[in-house]
Amino acid sequence: ERIRQILDTYPEIEIGVFISAKKLKEIFNNIYLELEIKKTAKSTDLLEFYDCQEKSKRLHGIVTKGYIPLCRKIDKVI
């Protein structure tokens, strides 16, 4: 899938590393614009491609919601 290929080019999305929901929304918004997909970008879109742990983390004194990707979901082979 084209989304997965573009998603793999973002160094911010790394297994075991926290990424904020705001950043994920920006990434998916950019991908949807590039592919001309008329879909609202949400941080939860990451769950289609990765098994994740939902996490809140304090960044610069502000509680920030986000995800920690645990592993990539394997493409279904039929």
Side-chain angles (χ1 to χ4, degrees):
E1 188 174 335
R2 189 79 179 113
I3 294 173
R4 182 184 298 271
Q5 291 172 345
I6 296 172
L7 199 57
D8 288 342
T9 66
Y10 283 88
E12 298 95 332
I13 300 175
E14 188 177 336
I15 300 297
V17 179
F18 177 84
I19 184 166
S20 72
K22 182 178 178 180
K23 184 65 179 173
L24 283 170
K25 188 174 178 180
E26 289 173 15
I27 289 171
F28 278 101
N29 192 44
N30 290 339
I31 291 171
Y32 294 158
L33 285 173
E34 184 178 333
L35 297 177
E36 299 178 356
I37 296 173
K38 296 192 186 305
K39 182 177 177 183
T40 303
K42 301 180 296 272
S43 61
T44 55
D45 292 344
L46 184 69
L47 300 175
E48 294 178 35
F49 305 98
Y50 289 86
D51 288 323
C52 297
Q53 176 185 2
E54 200 170 338
K55 185 90 170 161
S56 291
K57 196 171 187 177
R58 193 172 289 275
L59 299 175
H60 307 291
I62 300 169
V63 177
T64 306
K65 292 182 180 181
Y67 295 90
I68 298 176
L70 302 174
C71 64
R72 285 182 64 176
K73 289 187 177 179
I74 299 171
D75 295 330
K76 295 180 180 177
V77 179
I78 300 175

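Atoms considered below: every heavy atom in the structure, side chains included; atoms not considered: hydrogens, waters and symmetry mates.
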Within a 6.0 Å radius of atom CD on Glu54, are there more than 12 heavy atoms belonging to other residues, nucleotides or ligands? no
Hydrophobic cluster identity match, Phe49 and Phe18, side-chain contacts under 4.5 Å: no
From NE2 (His60) to CZ (Arg58), nearest 0.5 Å: 12.5 Å
Is there a path from Ile3 to Tyr10 through hydrophobic residues (I, L, V, M, F, W, Y) whose side chains come within less than 4.5 Å of each other? yes
To the nearest 0.5 Å, what is the distance between CG (Leu33) and NZ (Lys38)? 9.5 Å
Can you give me the closest heavy-atom contact between Ser43 and Ala21, atom names plus distance? CB-O, 3.4 Å
Taking all non-hydrogen atoms of both residues, which atom of Lys65 and which atom of Ser56 are closest, and how far apart? CG-OG, 3.8 Å
Say you draw a straight line from OG1 of Thr64 to NZ of Lys55; how long is it, rounded to the nearest 0.5 Å? 12.5 Å
What distance separates Lys23 NZ from Ile13 CD1, expressed to the nearest 0.5 Å? 9.5 Å
Same apolar cluster: Ile27 and Ile37, side chain cutoff 4.5 Å: yes
Within the side chain of Asp45, is there an N or O that forms a donor-acceptor pair under 3.5 Å with the backbone of Lys42? yes
Roughly how far apart are Asp51 CG and Tyr67 OH, rounded to 0.5 Å? 13.0 Å
Which value, rounded to the nearest 0.5 Å, describes the distance between Ile68 atom CD1 and Cys52 atom SG? 9.5 Å
Does any non-hydrogen side-chain atom of Gln5 lie less than 4.5 Å from one of Arg2? yes
Co-membership, hydrophobic cluster, residues Tyr32 and Leu35, 4.5 Å side-chain: yes
Quick one: do Leu59 and Ile19 end up in the same hydrophobic cluster if we chain Ile, Leu, Val, Met, Phe, Trp and Tyr together by side-chain heavy atoms under 4.5 Å apart? no
Quick check against the 3.5 Å criterion: does Lys73 have a side-chain atom that pairs as donor or acceptor with the backbone of Leu47? yes
